[in-house]
Amino acid sequence: MSQVLKRRLALLLATLAAAVTGIAIAFVAIPQAGAVETGVWYKIVSRHSGLTLDVLDRSTAPGAELIQWNDTGATNQQFRFVDAGGGYYRIQARHSNLVLETYEWSTANGATIAQWTDLNGTNQQWQVQESGGYATFVNRHSGKALDVWEKSTTAGGRISQYTPNGGVNQQFQLVEVDGDGGGGDPGTGECGSGTPNATVTGSSGNYTARNGSSTLYTGSDYRNAIQTAVDSIGSGQRVAVMASGSIGASTISISSGKTFEGCGTINAANRGGRGAIESLGTSNVSIPYLNVTGSPYFATRFYGNSNLHLGQVNLNLSGGAGIRFERDFAASSDVTIDYVYVAGTSGHGVETWNIDGLTIGTVVARNTGYAGLLLNNTRNADIGLVDGDNVATGTGYATFRTANTAGRLANGSYATNIYVDKVVSRGGGRGIFCVSQSGGVNIRNVDLANNGNNAILIENCYGYTIQSGTVNGGGEVRIAARSEFPNTRDTNITLTVNNTSVRESPCADNSTWNLSGNGSRNIC
């Protein structure tokens, strides 16, 4: 079951139980005093802001700062406690294996909290004081408590240290996460753990592909080593690529029934119209881990898939596009994507065509040329968080865009079938854009600020709901229509809009607005 569906089921059960008993029920059981467990991965959530502790920009470098951010489910928001003796623990970040410390041994209020190589210094040791279901972390060296600086409630707010004072900005909820690392196949553990059927090991100039005890390839060709290992396994088996290297302008193809774990980093160059990683016309393929760099035409390319699973996907690119489901080929169904971090593309971060049945946990897009997440002719989708920063600057694209009849059901209706928990967008082009006869969308919450084009544009779309959220500055919020398509209809928008305008032109059919804030309004 996907992480999104797990979350929805848990929330539903909690809601039903609360309705029956009349008692508020917490979503996650919180460890009580003395209940911190070593070897368990946790999210650490601020009681004050509701945001999650996060290593800035997913950095793996010593010195990277600790901030608070929206819950993305990524491993840079997952931590475990390593026993340091004497009732103290080191707090280790899952993505980097570095530990949290009071930076440069500072004892000052307001000092930076960062990750660093584990030296077991007293500035890396924390006492966990739990009370009432919340934890306070006190540094052994400074005697200061982990603190949301200046009581910020903003994503990106600093995490610092301050004299312990019992404030809610010094109290944190420990939320145990699944053992799959926020995106792997349940039960497989860390990437490459256990006994994969085939492996690729080695380093530049010397790679080895094995299946069991048999050596299949030894040499300098990284792509050949990977493809040989992939081709050696059968349906229901898995390959773990532990080595890093470059495949150049080549493609790795994954056939039906196989699990591909990209534990190393695959650097790829541009192969026109093709992907660095492809799975075409397949069923029951799983890619629980993947790390791609370089400038591929597409980092990954798909079509004609059924029961496709993408887990923890990290695309740190210098051009090209991220994940692409093709337009002019066979449709796909039952696609699950747990977590995508995509940065540096000249094209879209994640673009889908022709999917019926899509579940996405989180898409984090940074500095992408075009859309962060773009759904084309896609229906029956359940999406958690779409988080964009500097996405589609100077273009008509958006952090979250639906287009080309996305959300239109087989019977031609636009009954709600695309659900999105939250869209966060900062800077760039548009925040949210619905166009070209798409719709059937329900976004539960938005947090949009300083988008350079429209904060929101709903144009020739049908059945579009935004339930809550804020728009602050940037381009206007607008409902519009062009003459070549039927007029926009059945919109229901609830927002707080500040420092920008709201406009409806031409008037939609059956539009409902519930607005607050200081933004000017020109609506029907």
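For clarity, every value in this text was computed on a predicted model and none was experimentally measured. Quick note: numbers below take in every heavy atom, side chains included, and nothing from hydrogens, waters or symmetry partners.
Atom CZ of Arg327 and atom CG of Asn354 lie 9.5 Å apart (nearest 0.5 Å). A distance of 8.0 Å separates CD of Gln68 from CG of Leu53, quoted to the nearest 0.5 Å. For the atom pair CD1 of Ile458 and OG1 of Thr465, the computed distance is 8.5 Å after rounding to the nearest 0.5 Å. A distance of 8.5 Å separates OG1 of Thr282 from CD1 of Ile254, quoted to the nearest 0.5 Å. A distance of 9.0 Å separates CG in Asn442 from CG in Asn492, rounded to the nearest 0.5 Å.
In this structure, the salt bridge (Lys or Arg N to Asp or Glu O under 4.0 Å) partners of Asp387, at least two apart in sequence or on a different chain, are Arg366. Scanning for side-chain hydrogen bond (donor to acceptor under 3.5 Å, both in side chains) contacts around Asn514 gives Thr494, with sequence neighbours left out. Listed by chain and residue number, Asn284 satisfy the side-chain hydrogen bond (donor to acceptor under 3.5 Å, both in side chains) test with Asn307 (two or more places apart in sequence, or in another chain). In this structure Thr352 satisfies the side-chain hydrogen bond (donor to acceptor under 3.5 Å, both in side chains) test together with Thr378, sequence neighbours excluded. A search for salt bridge (Lys or Arg N to Asp or Glu O under 4.0 Å) contacts involving Arg379 returns nothing, not counting sequence neighbours. Under the rule for a ring pair (Phe, Tyr, Trp, His ring centres under 6.0 Å), Phe298 has no partner lying at least two apart in sequence or in another chain.
Side-chain contact of Thr52 with Asp54: a donor-acceptor pair under 3.5 Å is absent, judged by distance alone. Residues Asn404 and Asn377 bring no donor and acceptor atom of their side chains to less than 3.5 Å of each other. Side-chain atoms of Asn316 and Thr293 include no donor-acceptor pair closer than 3.5 Å. In the model, Asp147 has no side-chain atom that pairs as donor or acceptor with a side-chain atom of Ser160 under 3.5 Å. Judged purely by distance below 3.5 Å, without hydrogens or angles, the side chains of His95 and Thr75 never pair a donor atom with an acceptor atom. For the residue pair Asn451 / Ser425, a side-chain donor-acceptor distance below 3.5 Å is found, with atom types taken as modelled. Remark: the Asn472 side chain and the Asn498 side chain contain no N/O donor-acceptor pair separated by less than 3.5 Å.
Heavy-atom minimum distance, Ala392 versus Ala398: CB-N, 4.0 Å. Nearest heavy-atom pair, Ser59 versus Ser96, reported as atom, atom and distance to 0.1 Å: O-CB, 4.2 Å. Contact between Val177 and Gln78 at its shortest, heavy atoms only, is CG2-OE1, 3.7 Å. Of all heavy-atom pairs spanning Pro506 and Ala481, the tightest one is CD-N, 3.6 Å. Pairing each heavy atom of Ser511 with each of Thr491, the nearest pair is CB-OG1, 3.3 Å. Closest approach of Cys191 and Gly262 over heavy atoms only: SG-C, 4.1 Å.
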For Asn411 and Ser413, run side-chain hydrogen bond (donor to acceptor under 3.5 Å, both in side chains): C-alpha distance rounded to whole Å, both residues' side-chain angles, the deciding distance at 0.1 Å, then the answer. CA-CA 6 Å; Asn411 63 5; Ser413 78; 2.9 Å; yes
Take Tyr297 and Arg274, measure what side chain to side chain contact (heavy atoms under 4.5 Å, CB included) needs, and give me the verdict at the end. CA-CA 6 Å; Tyr297 194 90; Arg274 297 292 299 274; 5.8 Å; no
Worked verdict on Phe260 versus Leu290 for side chain to side chain contact (heavy atoms under 4.5 Å, CB included): CA-CA 8 Å; Phe260 180 93; Leu290 184 64; 4.0 Å; yes
Candidate pair Ile355 and Ser332, rule side chain to side chain contact (heavy atoms under 4.5 Å, CB included), full reasoning: CA-CA 5 Å; Ile355 297 180; Ser332 298; 4.1 Å; yes
Test side-chain hydrogen bond (donor to acceptor under 3.5 Å, both in side chains) on Thr496 and Ser516 and set out the steps. CA-CA 5 Å; Thr496 299; Ser516 59; 2.8 Å; yes
Take Ser501 and Asn522 through the test side chain to side chain contact (heavy atoms under 4.5 Å, CB included) and record every step on the way to the result. CA-CA 8 Å; Ser501 58; Asn522 181 8; over 6 Å; no
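Residue pairs satisfying the salt bridge (Lys or Arg N to Asp or Glu O under 4.0 Å) criterion with at least one member in residues 501-510, sequence neighbours excluded, are listed as follows: Glu476-Arg503. Sorted by first and then second residue, the ring-ring contact (aromatic ring centres under 6.0 Å, His included) pairs involving residues 502-524 (not counting sequence neighbours) form an empty list. Sequence neighbours left out, not one pair with a member in residues 304-316 passes salt bridge (Lys or Arg N to Asp or Glu O under 4.0 Å). Counting only residues at least two apart or on different chains, no salt bridge (Lys or Arg N to Asp or Glu O under 4.0 Å) pair has a member in residues 400-416. For the salt bridge (Lys or Arg N to Asp or Glu O under 4.0 Å) condition, the pairs that include at least one residue of residues 295-320, sequence neighbours left out, are Glu278-Arg301, Arg301-Glu326. Note on residues 375-397: pairs passing ring-ring contact (aromatic ring centres under 6.0 Å, His included), not counting sequence neighbours, are His348-Tyr397, Tyr370-Tyr397.
Counting heavy atoms from C-beta on, the side chains of Leu495 and Val446 come closer than 4.5 Å. With contacts defined as side-chain heavy-atom distances shorter than 4.5 Å, the pair Leu280/Phe329 does not qualify. You'll find the side chain of Ile323 reaches within 4.5 Å of the side chain of Leu315, heavy atoms only.
Put simply, the side chain of Asn454 never gets that close to the backbone of Arg430: no donor and acceptor are under 3.5 Å apart.
Ring to ring, Tyr42 and Phe79 are not that close: their centroids are 6.0 angstrom or more apart.
A cation-pi contact, defined as under 6.0 Å to the ring centre and within 45° of the axis, links Arg489 to Tyr462.
Heavy-atom neighbours of Tyr303 OH from other residues, nucleotides or ligands within 6.0 Å: above the threshold of 12.
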